[in-house]
Protein chains: 2
Amino acid sequence: MAINRKLEFATDEIALADLAKAISHPARIAILKILAQQQSCICGEIVEGLPLAQATVSQHLKELKAVGLIKGTIEGKTSCYCINWEIFNQFIARFGVFADLAKNESCQSQSCC
Amino acid sequence: MAINRKLEFATDEIALADLAKAISHPARIAILKILAQQQSCICGEIVEGLPLAQATVSQHLKELKAVGLIKGTIEGKTSCYCINWEIFNQFIARFGVFADLAKNESCQSQSCC
DNA sequence: ATTTTATATCGCAAATATACGATAAAAAAG
DNA sequence: CTTTTTTATCGTATATTTGCGATATAAAAT
């Protein structure tokens, strides 16, 4: 793009977009699924479960961590990751904004097109 | 990327990622907000409400329409857009998958890191 | 002390996304 | 019929994302 207009939007719009971007890749959806159903969240297991190179998976984990959707701690030689449910649930709750706006104007029921 | 690995993931993971990608830009979040609180969803009004050129807004609208999150109909000279709440609510409901996976393994409560 | 194992990071190539001017298309106004 | 208005699409420049080999780092094993 010629100019990055991102910062001309509202802070909460940028924040929600950033969270959505973090899960906008099937690999990162798959990672979240793996973490959701496992107690042991060792990085190596995630790599094995995905059709991607170790470096690529490490990068995807970094992105999820950057927005706070996952937490990671180093356990000796390995790294342990897991979902940060507090952030995750906050993220989902934010979608309520749209329904709230619609309710205030009583628009959701009467679709105009 | 050298090779696009997207198609090596599960269909539902790709679908959820595509929906997330559609809302992964503040302009598209802003568009959804405008549509949620307005009865008249005329394209021109959306353009006026955003810090972007008309061509750019039209492109963002196209992306939202492509994943089904919004509907659009041509009304004479103008175009009318509105949120497709059926798809929108389905999208939000899909996040339940993660909580379900976590519940099955009783992992959500006992965070491992 | 050296080697192995597990992850993270760097650097780069290729793919996508973003932004917008120019232009097309089509209805409405004059 | 010509002009204006409204929106979509094309072409293109630039920015960002994706993917991975190579390499760094650091703990564990030998």
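Just so you know, these numbers use all the heavy atoms, side chains as well, and skip hydrogens, waters and symmetry mates. Just so we're on the same page: letters track the sequence lines, and every chain starts at 1.
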Straight-line distance of I23(A) CD1 to L69(A) CG, nearest 0.5 Å:
7.5 Å
How far does CG of L64(B) sit from NZ of K71(B), to the nearest 0.5 angstrom?
14.0 Å
N/O (side chain, [X]) to phosphate O (OP1/OP2, [N]) under 4.0 Å:
| X | N | value |
| --- | --- | --- |
| S79(B) | dA8(D) | yes |
| T56(B) | dA19(C) | no |
| K6(A) | dA15(D) | no |

Check: [X] side chain, [Y] main-chain N or O, donor-acceptor pair, under 3.5 Å:
| X | Y | value |
| --- | --- | --- |
| E63(B) | H60(B) | no |
| R28(B) | A22(B) | yes |
| S58(B) | A55(B) | no |

Return the 5'-most residue of the pair K21(A), Q54(A) with respect to DNA chain C, ranking by each residue's nearest nucleotide.
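Checking each residue's closest nucleotide, the 5'-ward one belongs to Q54(A).
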Rounded to the Å, how far apart are [X] [atom1] and [N] [atom2]?
| X | N | atom1 | atom2 | value |
| --- | --- | --- | --- | --- |
| E63(B) | dA8(D) | CD | C1' | 14 Å |
| I74(B) | dA24(C) | CD1 | P | 19 Å |
| K65(A) | dT7(C) | NZ | C1' | 11 Å |
| L61(B) | dA19(C) | CG | C1' | 15 Å |
| R5(B) | dT17(D) | CZ | C1' | 16 Å |
| H60(A) | dT18(D) | NE2 | P | 6 Å |
| I3(A) | dA15(D) | CD1 | P | 10 Å |
| E45(A) | dT7(C) | CD | P | 9 Å |

Using a strict cut-off of less than 4.0 Å between a Lys/Arg side-chain nitrogen and an Asp/Glu carboxylate oxygen, indicate whether K33(B) and D100(A) qualify as a salt bridge.
no
Minimum-distance nucleotide (side-chain atoms of [X] versus [options]):
| X | options | value |
| --- | --- | --- |
| A55(A) | dA22(D), dG19(D), dC20(C) | dA22(D) |
| L52(A) | dA19(C), dC20(D), dA17(C) | dC20(D) |
| N4(A) | dA19(C), dA8(D), dT7(C) | dA19(C) |
| A53(B) | dA6(C), dT18(D), dC20(C) | dC20(C) |
| K62(B) | dA19(C), dT7(D), dT9(D) | dT9(D) |

Reading nucleotides 24-30 of chain D from 5' to 3' and marking B where a protein heavy atom lies under 4.0 Å of the base, S where only the sugar-phosphate is that close, and - otherwise, the string is ---BS--
V47(B) or Q59(B): which one's nearest nucleotide on DNA chain D is closer to the 5' end?
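Nearest nucleotide further toward 5': that of V47(B).
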Same cluster or not: I74(B) versus I70(B), using hydrophobic residues (I, L, V, M, F, W, Y) connected whenever any side-chain heavy atoms lie under 4.5 Å apart?
no
Minimal heavy-atom distance between L52(B) and A27(B), with the atoms involved, is CD1-CB, 3.6 Å
